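Position 1 is the first residue of the sequence; numbering continues from there. Note that the structure is a prediction, hence the values are computed from the model and not measured.
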Amino acid sequence: MSKSVSGRDPSLDSFRGLDVLLMILVNVQGNGNAAFATLRHAEWNGLTFADLVFPIFLLIVGLSAPLALDKAGYTVSWTAICRRVFLLFIIGVALSWLIRPTLDPDMIRWSGVLQRIGIVYLVCAAVIFIRRSAVLPMLIAVMLLVVHSWMLLKVGTPDGAPPSMEPGKGISGWLDQNLIPGRVLQKTWEPEGVLSTMAAAANGLIGVGIMRWVKGNEVSHARLALAGLIILAAGLALAPILPLNKNLWTASFALATCGIGIIFWVSLKSIWSILGGNKIALWTVSLGQAALTLYVVHTLLIAIIVRKLPNGETIWDATYQELSNVGLPAPVTSLLYALIAAAISCAVLPWLKRRGWMLKV
């Protein structure tokens, strides 16, 4: 592995930085309806490029955890781990509130991206401290996916509705509607919902297992790529029974996205000795090491541009309309808008770093 003196894997940091950049491009399209299809989430079943971003980030959470928590002489600090999870949760809720401020507790969104990251990190940390094994996290990941799949396919709701994988129906929709306090984003179901978080934890655990396997053995890039291909194939094989679905986080989706993520990571690792000293590569490493700050900055930017002007139009719509006047095709204009948002978000980081305002939880 290519590691720095600190024990970090620069190719993994770069992977994380690239993934957060892609997250911004997906989240801040100028016009979601006009965006390139691959940069829009699948409406329900299906898999687009946009759908890969978050599950791959959770895989990276798992890949990163052993580098920090398996270090020789490391003393388990559940206080520090729980503090990190708590801060991720609070920051996530606060960012959601800034986008849609309200004094009504029933309108506060308690679920979200950072909250799910915190839960997945907590699960990964717990499994890491149970036993120093690459097999255990893989077994638990499989168990979670089996239980999740069984519930989707076989378990009806307590009020008598049959099993279903339709939006807001079945046990997944029922759990979101009855267990999540406050505002459920899609009214009858939550993208970062209760049952789907169980399966999302599998992405992190697969990352833990892969990193421990790589750390404990002389694993060639070819073997690592083969592992990714096998996991991807397993996910695709399940697709006829469990459709690829990000919102439900089906087992096919979890496995396919992990496989794709591992293949991309090993591809990056294999060329890192050539690209690692490149200024752009080093820039992506710095973004990966500041991933939380970059995510928060881009969300704060969203919170600003969703504000309404005196004419009732949002800043987002008004600025996109101005950009549209350039005359480029609508999908290109939408992508250009997202690229500008990403550039603004990245440009703020050096200023924050100079003032010591980088977020570290």
Side-chain angles (χ1 to χ4, degrees), residues 1-26 49 52-72 74 117 120-121 124 128 134 137-138 203-233 255-295 339 342-343 345-347 349-350 353 358 360:
M1 286 179 57
S2 302
K3 289 185 182 180
S4 64
V5 176
S6 67
R8 300 189 72 111
D9 182 339
S11 70
L12 187 57
D13 285 333
S14 174
F15 190 16
R16 188 188 303 105
L18 290 170
D19 198 60
V20 176
L21 275 179
L22 292 173
M23 197 176 293
I24 298 173
L25 293 183
V26 169
F49 186 76
L52 294 174
V53 176
F54 190 29
I56 285 179
F57 191 89
L58 295 181
L59 172 73
I60 295 171
V61 169
L63 289 168
S64 304
L67 296 179
L69 303 180
D70 273 344
K71 289 188 293 188
Y74 180 82
I117 291 172
V120 171
Y121 172 75
C124 290
I128 283 172
M138 289 294 197
N203 284 63
L205 291 173
I206 289 172
V208 172
I210 289 293
M211 182 56 80
R212 279 185 160 174
W213 178 50
V214 170
K215 286 178 61 182
N217 303 275
E218 291 296 326
V219 179
S220 67
H221 292 154
R223 289 177 66 196
L224 187 54
L226 178 60
L229 285 171
I230 291 172
I231 294 171
L232 171 59
L255 292 172
T257 54
C258 281
I260 293 169
I262 292 166
I263 292 168
F264 185 88
W265 179 47
V266 71
S267 300
L268 188 60
K269 283 172 65 66
S270 66
I271 60 174
W272 194 255
S273 59
I274 301 171
L275 297 181
N278 181 278
K279 288 184 178 180
I280 295 177
L282 293 175
W283 176 66
T284 63
V285 170
S286 69
L287 294 182
Q289 293 174 353
L292 177 59
T293 304
L294 181 57
Y295 180 84
L339 288 169
S345 301
C346 292
L349 288 183
K353 188 174 183 179
M358 304 298 283
K360 293 182 181 180

- Task: State the CG-CD1 distance between L255 and I230, to the nearest 0.5 angstrom.
- Result: 12.0 Å
- Message: Working note: D70 + M211, criterion side-chain contact (heavy atoms from CB on, under 4.5 Å); need CA distance, chi angles, decisive distance, verdict.
- Response: CA-CA 11 Å; D70 273 344; M211 182 56 80; over 6 Å; no
- About how many Å separate CZ of F57 and CG of L18, when rounded to the nearest 0.5 Å? 12.5 Å
- Task: List the atom of S11, the atom of L268, and the distance in Å for their closest heavy-atom pair.
- Result: O-CD2, 3.3 Å
- Message: Within this structure, what is the CG-CG distance for the pair L294 and L21, rounded to the nearest 0.5 Å?
- Response: 6.0 Å
- Task: State, with a plain yes or no, whether a side-chain heavy atom of M138 is found less than 4.5 Å away from one of L205.
- Result: no
- Run the numbers on L287 and L349 for side-chain contact (heavy atoms from CB on, under 4.5 Å), then give the verdict. CA-CA 9 Å; L287 294 182; L349 288 183; 3.5 Å; yes
- Side-chain contact, heavy-atom cut-off 4.5 Å: V26 with F54? no
- Which pair of non-hydrogen atoms, one from A281 and one from S14, has the smallest distance, and what is that distance? O-OG, 4.4 Å
- Task: Check A291 against V20 and note the closest heavy-atom contact, atom names and distance.
- Result: CB-CG2, 3.8 Å
- Message: Given 3.5 Å as the limit, does a donor-acceptor pair link the side chain of N278 with the main chain of I280, or not?
- Response: yes
- Query: If you take all heavy atoms of S267 and S270, which pair is closest and at what distance?
  - Reply: O-OG, 2.7 Å
- Query: Going from CD1 on I262 to CG on L63, what distance comes out if it is rounded to the nearest 0.5 angstrom?
  - Reply: 7.0 Å
- What distance separates K269 NZ from D9 CG, expressed to the nearest 0.5 Å? 4.5 Å
- Query: Looking only at heavy atoms, which two atoms of C124 and G62 are closest? And how far apart?
  - Reply: SG-CA, 4.2 Å
- Query: Does the side chain of L59 reach to within under 4.5 Å of the side chain of T257, using non-hydrogen atoms?
  - Reply: no
- When every non-hydrogen atom of L282 is compared with those of G277, the smallest separation belongs to CD1-O, 3.8 Å
- Query: Can you tell if the side chain of T293 reaches within under 4.5 Å of the side chain of K353, non-hydrogen atoms only?
  - Reply: no
- Task: Let me see the working for V120 and N203 under side-chain contact (heavy atoms from CB on, under 4.5 Å), right down to the final yes or no.
- Result: CA-CA 8 Å; V120 171; N203 284 63; over 6 Å; no
- Kindly compute the distance separating CD1 (I56) from CG (L22), expressed to the nearest 0.5 Å. 8.5 Å
- So do the side chains of V214 and L224 get within less than 4.5 Å of each other, counting heavy atoms only? yes
- Message: Under 4.0 Å between a side-chain nitrogen and a carboxylate oxygen: does that hold for R16 and D13?
- Response: yes
- Could you go through the side-chain contact (heavy atoms from CB on, under 4.5 Å) check for I60 and F15 one step at a time? CA-CA 8 Å; I60 295 171; F15 190 16; 3.8 Å; yes
